[in-house]
Amino acid sequence: MSADGRGVVDVTSDPKLSKEYLFGTFPLLKGERTWSARDFTWVNTALAIATWAFLVGGSTALLVGFQAGVAAMLIGNAIGLCFMVLASVVASQRWGSEQYTLLRGAFGVVGVGVLVFTVILITEMGWSSLLAVMAGRATSQVASTMVGADLGQYGPVVTIGGLLAILLAWWVLSRGPVTIGRLNSVIAPGLAVVTVGMMIFLIANTSWDALLSASPIAPFDDSALNFVIAVEFNVGVGVSWYPVMGSLSRLTRSRKAALWPAFGGLLIATMVAQMVGLAAALTLGDSDPTVWMVPFGGSILGVIVLIFIAFANITSMSSIVYSTILAIRQSSGRLLTKVPWKVLTAAFFVLPAIMTFFPQFMYEQFMIFVALSGAFLTAVCGIALVDYFFLRKQRFDLRELHLGQRGTLYSYPLGINWAGLVALAAGATFYLWIYNPMTLETQPLFLVISASLPAAVVAGVVYLVASKLLYGKRLSEARQ
Amino acid sequence: MTPTDKSAADSGISERFQSQLIESGMQPAVAAELERRIGVIEREEFDDESRRPLSGREIAVYVGVTVLAVAIGALVVAL
């Protein structure tokens with residue numbers, strides 16, 4: 001084992017170090033941070049242009065027409081991505097560490113575990129279930145075309161296809177991040193071409209006039225409320241990238257290679273894919289290309305596109321689950337460090353596999369799922385942002401972060417920083433008070449300030465005040 | 001503190017850090033590699049461009065672009 005001029009050691013020569021390098025929390029060195037702005041843009045495009053974006057576009061069409069829908073997507077995604085990127089990408093890029101290690105100051109070692117095993121795990125299992133069901137629907141549509149019979153959008157073939165997609169995603173995951181990266185580099189450009197092609201196909205088969213004049217599918221009476229809910233929904237989508245972005249951005253070469261591709265790459269790619277979903281829902285009555293691609297595109301083109309979409313879902317699933325399992329491993333202390341990677345990833349997929357038996361439920365509850373996960377993730381982003389920029393002035397002590405409870409700077413009674421957890425509860429409660437996605441009750445203020453951004457501010461302010469009160473002296477010492 | 005004193009102090013911090021990690025159940029090779037990496041980041045890469053914090057100007061430009069995107073969105077819905 002020897003170091004080159006950039007301090008890089010060939011850790012792959014030692015099995016223990018190789019395993020820790022691929023699946024652990026080693027902070028990355030300059031020579032290992034190889035992604036340029038272009039590389040990271042492709043990675044983000046691969047994630048953002050996944051088929052969930054079609055569903056987001058279609059859900060937006062429930063409330064607003066095309067023009068207002070595009071505006072809501074732009075405003076919502078820009079706001080959500082803005083503070084999500086500041087909360088995760090910036091620190092992970094600088095320190096070469098994933099965000100869950102860096103969150104130890106804000107929540108404590110046990111507190112991060114609580115966060116990961118609740119908010120993050122449930123959110124990522126939800127997204128994985130949805131991707132599996134979408135892959136299943138694509139499979140069902142392809143099978144229907146082959147046998148010349150309608151096998152249904154929620155029938156048993158969807159479940160079989162979903163389970164098959166999970167099995168393939170697990171196989172890809174078990175091969176490690178290199179395989180995931182290789183697959184993404186093929187799938188992402190292909191899916192970008194397919195998505196643009198679908199947009200052209202949609203406009204060619206309808207018309208701009210029809211698109212611009214199409215009414216929203218199921219709006220409320222109040223048009224302002226429709227628009228703000230559509231914006232809020234898209235803020236939730238922007239924030240939903242939080243669980244994976246830190247693990248990815250630590251691989252980038254510079255601030256510029258991390259910040260702008262994360263914001264711009266996700267924003268543009270998401271917008272393009274969501275616009276396809278929005279346009280399809282408004283003109284063809286369904287946002288999901290697995291439903292309209294074969295009837296409108298013909299069996300050969302339709303089947304080719306659907307097979308591609310099914311594979312795209314598998315690579316997206318692998319990418320988000322990889323980051324989540326890393327987080328689970330780090331947050332479990334010694335509990336899960338000895339559990340083999342393949343077993344951990346298989347355990348993660350148990351719930352998504354069960355959910356493939358209820359495909360209709362996943363589709364019908366999609367908006368509620370995004371809003372609820374957004375309620376908690378916006379609060380986490382608010383806290384992480386205040387912790388990094390205001391309390392720690394962009395500085396961490398890496399040794400202390402890795403020592404956790406055995407150190408002094410980031411050690412808290414029972415491993416929990418109550419300032420962080422109380423702020424999380426305050427932010428999420430504020431969100432659900434101003435906008436309850438389950439009952440759709442809103443406060444009058446919601447029409448002016450929406451929910452996510454103020455919830456992030458509430459969480460950040462509560463965290464700042466509570467931290468100063470509880471640990472003011474320690475924070476001043478840490479900054480010296 | 002002379003360079004020799006600083007080096008000795010660094011060495012003490014390094015050893016204490018590794019022994020604490022090993023006591024917590026980490027394998028010695030992994031603890032040594034973690035310490036080596038942190039050492040490289042602290043000493044050799046400290047002044048590297050990639051390790052610099054985000055400047056006030058960079059944050060202002062970034063937030064400004066977001067505000068511009070929101071303004072364009074508002075304009076689209078207003079027209």
Side-chain angles (χ1 to χ4, degrees), chain A residues 1 3 6-9 11 14 16-17 20-21 24-30 33 64 67-68 70-79 81-82 85-86 90 93-96 227 231 252-257 259-260 263-264 267 333-334 337 389 393-395 398-399 402-407, chain B residues 9-10 12-79:
Chain A
M1 196 168 70
R6 298 165 300 175
V8 177
V9 160
V11 289
D14 181 326
K16 282 177 204 154
L17 294 185
E20 198 63 30
Y21 176 67
T25 51
F26 279 160
L28 299 182
L29 301 178
K30 189 181 176 186
R33 306 193 315 158
V64 287
Q67 200 170 331
V70 171
M73 288 171 183
L74 180 59
I75 296 171
N77 278 296
I79 293 172
L81 287 172
C82 177
V85 168
L86 283 178
V90 177
Q93 186 282 319
R94 183 178 184 201
W95 298 99
F227 184 70
V231 169
T252 55
R253 286 178 194 162
S254 65
R255 295 189 302 284
K256 276 185 185 165
L259 191 71
W260 295 106
F263 179 78
L267 181 68
R334 272 190 281 176
T337 45
F389 286 98
K393 310 285 184 197
Q394 303 191 57
R395 285 195 62 81
L398 287 177
R399 282 194 190 83
H402 284 277
L403 285 175
Q405 281 299 92
R406 286 176 177 264
Chain B
D10 285 349
I13 290 169
S14 167
E15 279 168 21
R16 202 161 50 246
F17 174 63
Q18 287 183 65
S19 64
Q20 282 176 302
L21 290 176
I22 293 163
E23 276 170 31
S24 71
M26 190 180 276
Q27 289 168 333
V30 176
E33 175 61 12
L34 185 56
E35 165 55 32
R36 189 191 71 79
R37 283 167 176 270
I38 292 172
V40 170
I41 292 167
E42 279 181 348
R43 289 186 292 271
E44 294 164 36
E45 296 186 5
F46 183 72
D47 285 329
D48 191 86
E49 176 61 23
S50 67
R51 299 284 182 193
R52 297 252 169 91
L54 209 59
S55 69
R57 188 175 168 277
E58 285 171 318
I59 295 171
V61 170
Y62 175 73
V63 175
V65 169
T66 303
V67 172
L68 184 69
V70 171
I72 292 169
L75 200 64
V76 168
V77 82
L79 289 175

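Between T66(B) and A78(A), the shortest heavy-atom contact is CG2-O, 3.5 Å. When all heavy atoms of P27(A) and L34(B) are compared, the closest pair comes out as CD-CD1, 3.4 Å.
Considering only residues two or more places apart in sequence or on other chains, Y62(B) meets the ring-ring contact (aromatic ring centres under 6.0 Å, His included) condition with W260(A), F263(A).
By the 4.5 Å heavy-atom criterion applied to side chains, H402(A) and M26(B) are not counted as neighbours. Residues R94(A) and P53(B) are in side-chain contact: their nearest non-hydrogen atoms beyond the backbone lie under 4.5 Å apart. Side-chain contact check for I75(A) versus V76(B): every heavy-atom pair is 4.5 Å or farther apart.
Both the backbone and the side chain of I72(B) come within contact range of chain A, each with at least one heavy atom under 4.5 Å from a heavy atom of that chain. For chain B, the nearby parts of V85(A) are the backbone and the side chain; heavy atoms of each come within less than 4.5 Å. With a threshold of 4.5 angstrom between heavy atoms, E23(B) approaches chain A through its backbone and through its side chain.
Atom-to-atom distance recorded for I41(B):CD1 and R399(A):CZ is 10.0 Å, nearest 0.5 angstrom. In this structure, CG in L29(A) is found 6.5 Å from CZ in R51(B), a value given to the nearest 0.5 Å.
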For this session: Carefully, step by step, assess K256(A) and E58(B) under the rule salt bridge (Lys or Arg N to Asp or Glu O under 4.0 Å).
Result: CA-CA 9 Å; K256(A) 276 185 185 165; E58(B) 285 171 318; over 6 Å; no

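Formation of a donor-acceptor pair under 3.5 Å by the Q67(A) side chain with backbone atoms of A78(B) is not found in this model. When atom types are taken as modelled, the side chain of Q20(B) and the backbone of L403(A) share no donor-acceptor pair closer than 3.5 angstrom.
If you tally non-hydrogen atom pairs under 4.5 Å between each of L75(B), I59(B), V63(B), D48(B) and chain A, the highest count goes to D48(B). By number of non-hydrogen pairs under 4.5 angstrom with chain B, the leading residue of L267(A), L86(A), V90(A) is L86(A). Chosen from I38(B), L54(B), L79(B), the residue pairing most often with chain A at heavy-atom distances under 4.5 Å is L54(B).
Salt-bridge check for R255(A) with E49(B): passed, with a basic side-chain N closer than 4.0 Å to an acidic carboxylate O.
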